[in-house]
Amino acid sequence: MSSALGTKDGILIRIMEVSDYQNVKLFMGNNFYNGEPLCASSGENVQRCYEKENDEYHISMIEQGTCLLALDENNDGRIVGLVLAGAQVPSDLDKHREEAAAMEPNTWGRIAVFLSKVEIEVNLFKRYNVSKLLYSHVTNVAASMRGKGLGARLAAALMEVGRSKGYPLMVAYCTSFYSARQKQALGMECVYEKAYADYKDDNGKVVFNPPAPHTHIRIMVIKL
């Protein structure tokens, strides 16, 4: 199978390879961590939090053939968007909880604890009676390309990859208002939401304070 999934308006989408990762990491440093609401509002260099562990996690997803790149063919194949996604199975719920509990309370650690609590609460494996799902971890589009439908193209391409690999379900945990709205427009259903204002630490202090309109985490799901 060719790694290319289609070209439109000079933007090629293809399957990401491990050899792409250094460029992917640079792109995320410039575009993701300063734009994702929980990271961007933290005041911390989140890419440096658990950098080695995140690199290993990202590469493990790339090796599954479930990550995508969008490249500008009119600009030397420059990366203008990406998706990091991979398989999840029921045992991951306990694994993530244990990993999060052992993490330092930096921004990435706090996000990990929050996401673990959310995924245990919603338990999609039980809700949909599935033994695996395709987890869309990160969708990131260059600032210059936003509002042009590229994020939607990437998500739609990931659905096709998921179908071709036999996944019954694709899920995205949307921390951004805009990412949830975009996924809903593609037919993904919001099956759970939690207001950031309602998520507090042991002292009753709100943990995450992203700017409006980012008020909730939303779990978006589509049956493939």
Side-chain angles (χ1 to χ4, degrees), residues 36-39 49-50 53-54 56-58 60-67 83-139 154-156 158-202 204 206-208 210 214-224:
E36 188 283 318
L38 304 189
C39 295
C49 302
Y50 290 100
E53 291 84 352
N54 274 322
E56 288 168 1
Y57 179 45
H58 295 161
S60 75
M61 288 190 283
I62 298 168
E63 287 172 341
Q64 295 172 44
T66 47
C67 300
V83 173
L84 294 174
Q88 285 196 351
V89 295
S91 60
D92 284 330
L93 296 181
D94 278 338
K95 179 171 170 264
H96 295 159
R97 181 176 51 78
E98 288 163 12
E99 287 171 351
M103 288 170 92
E104 290 173 45
N106 56 28
T107 300
W108 200 256
R110 287 193 291 272
I111 291 171
V113 169
F114 178 52
L115 292 181
S116 171
K117 286 179 174 171
V118 165
E119 71 178 0
I120 287 168
E121 213 168 293
V122 72
N123 198 340
L124 295 171
F125 299 104
K126 202 169 172 184
R127 180 185 286 231
Y128 288 96
N129 191 27
V130 295
S131 58
K132 67 173 182 176
L133 55 82
L134 181 58
Y135 169 62
S136 178
H137 175 54
V138 167
T139 302
L154 282 162
L158 182 62
M159 289 176 197
E160 288 308 313
V161 170
R163 285 188 191 101
S164 74
K165 290 183 176 289
Y167 285 96
L169 213 62
M170 181 173 116
V171 56
Y173 289 47
C174 296
T175 55
S176 153
F177 169 81
Y178 301 113
S179 63
R181 187 173 66 179
Q182 175 208 76
K183 300 252 185 322
Q184 196 162 15
L186 288 170
M188 296 186 77
E189 181 192 356
C190 179
V191 296
Y192 173 99
E193 64 176 22
K194 188 175 190 76
Y196 297 126
D198 294 339
Y199 181 63
K200 297 172 183 174
D201 65 16
D202 294 340
V206 172
V207 178
F208 301 113
H214 311 297
T215 56
H216 293 70
I217 185 169
R218 293 180 172 87
I219 297 189
M220 308 299 293
V221 174
I222 191 164
K223 288 181 180 175
L224 301 176

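Both backbone and side-chain heavy atoms feed into the values below; hydrogens, waters and symmetry mates do not.
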Next on the checklist: Let's go through Y178 and H214 carefully: what are the C-alpha distance in whole Å and the side-chain angles of both, what is the deciding distance for ring-ring contact (aromatic ring centres under 6.0 Å, His included) to 0.1 Å, and is it a yes or a no?
Outcome noted: CA-CA 8 Å; Y178 301 113; H214 311 297; 5.5 Å; yes
Item to check | Considering all heavy atoms, the nearest S179-T175 contact | outcome: OG-N, 4.4 Å
Checklist entry - Between F114 and F208, how do the two ring planes meet: parallel, tilted or perpendicular, split at 30° and 60°? => result tilted
Checklist entry - Rounded to the nearest 0.5 Å, how far does CE of M220 lie from NZ of K183? => result 8.5 Å
Checklist entry - Any idea which heavy atoms bring L186 and A155 closest together, and the distance? => result CD1-CB, 3.4 Å
Checklist outcome for this item: Rounded to the nearest 0.5 angstrom, the CE-CE distance for M188 and M159 is 5.0 Å
Checklist outcome for this item: All heavy atoms of K132 vs all of K165, minimum pair found to be NZ-O, 3.6 Å
Checklist entry - Between CG of D94 and OG of S116, what distance do you get to the nearest 0.5 Å? => result 8.5 Å
Next on the checklist: In the structure I gave you, are the side-chain heavy atoms of Q88 and H96 within less than 4.5 Å of one another anywhere?
Outcome noted: yes
Checklist entry - Is there a side-chain contact between Y196 and L38, using heavy atoms and a 4.5 Å cut-off? => result yes
Checklist entry - Which heavy atom of S136 sits nearest a heavy atom of A85, and at what distance? => result CA-CB, 3.9 Å
Next on the checklist: Quick one, Y199 with V113, criterion side chain to side chain contact (heavy atoms under 4.5 Å, CB included). Give me CA distance, side-chain angles, the key distance, then yes/no.
Outcome noted: CA-CA 11 Å; Y199 181 63; V113 169; 3.7 Å; yes
Checklist entry - Does any non-hydrogen side-chain atom of T215 lie less than 4.5 Å from one of F177? => result no
Next on the checklist: To check you understand the geometry: which heavy-atom pair defines the closest contact between L84 and C67, and what is its length?
Outcome noted: CA-SG, 3.7 Å
Item to check | V171 vs V191 side-chain heavy atoms within contact, under 4.5 Å | outcome: no
Item to check | Nearest-0.5 Å distance, OG1 of residue T139 to CD of residue Q182 | outcome: 7.0 Å
Item to check | Side chains of Y135 and T66 in contact at under 4.5 Å (non-hydrogen atoms) | outcome: no
Checklist entry - How long is the gap from CZ on F125 to CG on L133, to the nearest 0.5 Å? => result 4.0 Å
Checklist entry - Between K95 and E99, is the closest basic N to carboxylate O distance under 4.0 Å? => result yes
Item to check | Any side-chain heavy-atom pair of V89 and S131 under 4.5 Å | outcome: no
Next on the checklist: Do R127 and V122 make a side-chain contact, defined as non-hydrogen atoms from C-beta onward lying under 4.5 Å apart?
Outcome noted: yes
Item to check | Nearest-0.5 Å distance that lies between atom CZ in R218 and atom NZ in K194 | outcome: 13.5 Å
Next on the checklist: So which atom in C39 and which in W108 form the shortest heavy-atom distance, rounded to 0.1 Å?
Outcome noted: SG-CZ3, 4.0 Å
Checklist entry - So do R110 and T107 actually touch side chain to side chain, heavy atoms under 4.5 Å? => result yes
Checklist entry - What do the steps show when you test M61 against Y57 for side chain to side chain contact (heavy atoms under 4.5 Å, CB included), and what is the final call? => result CA-CA 7 Å; M61 288 190 283; Y57 179 45; 3.8 Å; yes
